[in-house]
Amino acid sequence: MSDELKPWSVTASRITYEDRWIRLRSDDCLTADGTVIAPFHVLDYPDWINVIPLMPDGRVLLTREYRHGRGEIVLGLVAGGVERGDMEAGDAAMAAARRELREETGYEASTFVRLLTSYPNAANHSNMVTSWLALGLNRAGEPSFDPGEKVDMLFADLGDILADLRSGAVIMQSMHVAALYSAESWLRMQGREGLK
């Protein structure tokens with residue numbers, strides 16, 4: 001590792017916007033070589049999770065949901081933010097995964113496998129995302145959507161979805177794509193069948 005790479009110093013910091021979804025922090029920074037970068041805006045999101053619910057027959061449960069940033073209905077995974085109540089559990093990310101799976105799909109899982117933890121965008125986001133594989137699914141009831149939320153569910157073969165991603169027939173959030181490939185890798189290591 002280079003001795004020249006050093007973290008920036010923060011000489012001033014202020015919250016310039018905050019609501020229940022996001023906090024925008026504006027920092028005045030000084031690089032190791034003395035360059036002033038001010039303001040540098042950081043998005044302080046809570047940590048995120050996403051979940052790949054895997055049915056016993058090898059199909060995954062995917063979601064379709066309107067995503068206003070793109071103005072499109074997008075195929076994706078069960079996903080959400082870690083909430084204050086999740087932090088009371090021993091593993092807040094797992095608690096959030098359990099909660100989001102139940103809320104968005106009505107399913108519960110007996111086993112959650114942590115696939116990976118990554119940075120959504122370390123350049124200007126402060127949070128992390130943890131991806132889970134949910135096994136031993138059973139339908140526990142109806143979904144319980146947040147106000148304004150509507151989620152359609154569909155089942156698809158994991159191999160088919162990965163092929164559609166590679167061909168460009170399907171476009172998803174990059175964090176969801178990484179989780180799907182991690183699930184495929186984990187399943188191959190476990191010697192599970194059902195992948196094409």
Side-chain angles (χ1 to χ4, degrees), residues 7-8 10-29 37-53 60-109 112-134 137 139-154 171-180 182:
W8 297 350
V10 177
T11 59
S13 185
R14 61 218 163 270
I15 303 303
T16 48
Y17 181 80
E18 184 172 16
D19 65 15
R20 70 184 185 129
W21 301 106
I22 189 172
R23 184 169 71 173
L24 178 66
R25 189 180 79 228
S26 299
D27 293 342
D28 295 342
C29 301
I37 300 175
F40 188 93
H41 302 294
V42 177
L43 300 171
D44 278 332
Y45 286 105
D47 285 345
W48 296 332
I49 59 88
N50 54 56
V51 180
I52 301 169
V60 294
L61 175 56
L62 299 172
T63 63
R64 288 182 68 242
E65 193 171 356
Y66 174 72
R67 294 302 191 184
H68 190 66
R70 288 291 309 168
E72 298 175 11
I73 295 171
V74 176
L75 188 64
L77 301 177
V78 170
V82 175
E83 296 179 356
R84 183 166 286 136
D86 300 324
M87 296 186 195
E88 297 168 5
D91 185 334
M94 180 180 280
R98 285 185 187 283
R99 178 183 48 73
E100 288 287 347
L101 177 64
R102 178 66 176 85
E103 287 176 2
E104 290 188 10
T105 70
Y107 280 87
E108 293 179 346
F112 282 81
V113 176
R114 184 186 304 256
L115 295 171
L116 76 144
T117 300
S118 60
Y119 301 117
N121 181 356
N124 67 354
H125 288 53
S126 62
N127 64 334
M128 296 189 302
V129 59
T130 303
S131 301
W132 300 89
L133 182 64
L137 296 175
R139 187 71 186 248
E142 293 301 313
S144 173
F145 300 126
D146 292 333
E149 183 179 41
K150 173 74 171 98
V151 178
D152 287 339
M153 294 180 284
L154 63 102
I171 299 174
M172 289 184 179
Q173 287 186 29
S174 58
M175 294 169 290
H176 294 191
V177 174
L180 288 165
S182 293

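Worth knowing before you read on, the calculation uses all heavy atoms, side chains too, and leaves out hydrogens, waters and symmetry mates.
Shown here for L116 and A178, the closest heavy-atom pair between the two residues is CD2-O, 4.1 Å. The two residues A96 and G81 make their nearest non-hydrogen contact at CB-O, 4.2 Å. The two residues M175 and P120 come nearest to each other via the heavy atoms SD-CB, 3.6 Å. Taking both residues in full, the closest heavy atoms of A97 and I49 are given as CA-CD1, 3.7 Å, listed atom of the first, atom of the second, then distance. W8 and F40 get closest at one heavy-atom pair: CZ3-CD1, 3.7 Å. Of all heavy-atom pairs spanning V51 and A134, the tightest one is CG1-CB, 3.7 Å.
In this structure, T63 OG1 and H176 NE2 are separated by 7.0 Å, a value rounded to the nearest 0.5 Å. We find the CG-OG distance between N121 and S174 to be 9.0 Å, quoted to the nearest 0.5 Å. The CG atom of L180 lies 10.0 Å from the CG atom of L133; values are rounded to the nearest 0.5 Å. Note: H125 NE2 to Y119 OH = 14.0 Å, rounded to the nearest 0.5 Å. The OG1 atom of T105 sits 6.0 Å away from atom CE of M153, with the distance rounded to the nearest 0.5 Å.
Among residue pairs with one or both ends in residues 13-22, those qualifying as salt bridge (charged side-chain N to carboxylate O under 4.0 Å, His left out) are R14-D28; sequence neighbours excluded. Sequence neighbours left out, not one pair with a member in residues 71-109 passes ring-ring contact (aromatic ring centres under 6.0 Å, His included). Applying the ring-ring contact (aromatic ring centres under 6.0 Å, His included) test to residues at least two apart or on different chains, none of the pairs has a partner in residues 75-99.
The salt bridge (Lys or Arg N to Asp or Glu O under 4.0 Å) check on E83 picks up R99, with sequence neighbours excluded. Scored by the ring-ring contact (aromatic ring centres under 6.0 Å, His included) test, F112 finds no partners at all (sequence neighbours excluded). Here R114 pairs with D91, T117, T130, W132 under the side-chain contact (heavy atoms from CB on, under 4.5 Å) rule; sequence neighbours left out. Here E142 pairs with R139 under the salt bridge (Lys or Arg N to Asp or Glu O under 4.0 Å) rule; sequence neighbours left out. For R102, the side-chain contact (heavy atoms from CB on, under 4.5 Å) criterion is met by E108, A140, not counting sequence neighbours. Partners of E65 under the side chain to side chain donor-acceptor pair (under 3.5 Å) rule, at least two apart in sequence or in another chain, are R67. In this view, D47 satisfies the salt bridge (Lys or Arg N to Asp or Glu O under 4.0 Å) rule with no residue, not counting sequence neighbours. Every side chain to side chain donor-acceptor pair (under 3.5 Å) that S26 has, sequence neighbours left out, goes to T16, H41. Residues passing the side chain to side chain donor-acceptor pair (under 3.5 Å) test with R70 are E72, sequence neighbours excluded.
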Side chain to side chain contact (heavy atoms under 4.5 Å, CB included) between L24 and V42, intermediate numbers included:
CA-CA 6 Å; L24 178 66; V42 177; over 6 Å; no
Are I52 and L115 close enough, and set up right, to give a side chain to side chain contact (heavy atoms under 4.5 Å, CB included), and what steps lead you there?
CA-CA 10 Å; I52 301 169; L115 295 171; 4.0 Å; yes
Evaluation steps, side chain to side chain contact (heavy atoms under 4.5 Å, CB included), between L77 and L62
CA-CA 5 Å; L77 301 177; L62 299 172; 3.7 Å; yes
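Contact check for Q173 versus V74: no side-chain heavy atoms found under the 4.5 Å cut-off. With contacts defined as side-chain heavy-atom distances shorter than 4.5 Å, the pair N127/D44 does not qualify. For the pair P143/V151, no side-chain contact is recorded, criterion being any heavy-atom separation below 4.5 Å from C-beta on. Residues L61 and V78 are not in side-chain contact: their nearest non-hydrogen atoms beyond the backbone lie 4.5 Å or more apart. Side-chain contact between I73 and D152 is absent, with no heavy-atom pair separated by less than 4.5 Å.
Atom CG of L154 has more than 12 neighbouring heavy atoms from other residues, nucleotides or ligands inside a 6.0 Å radius.
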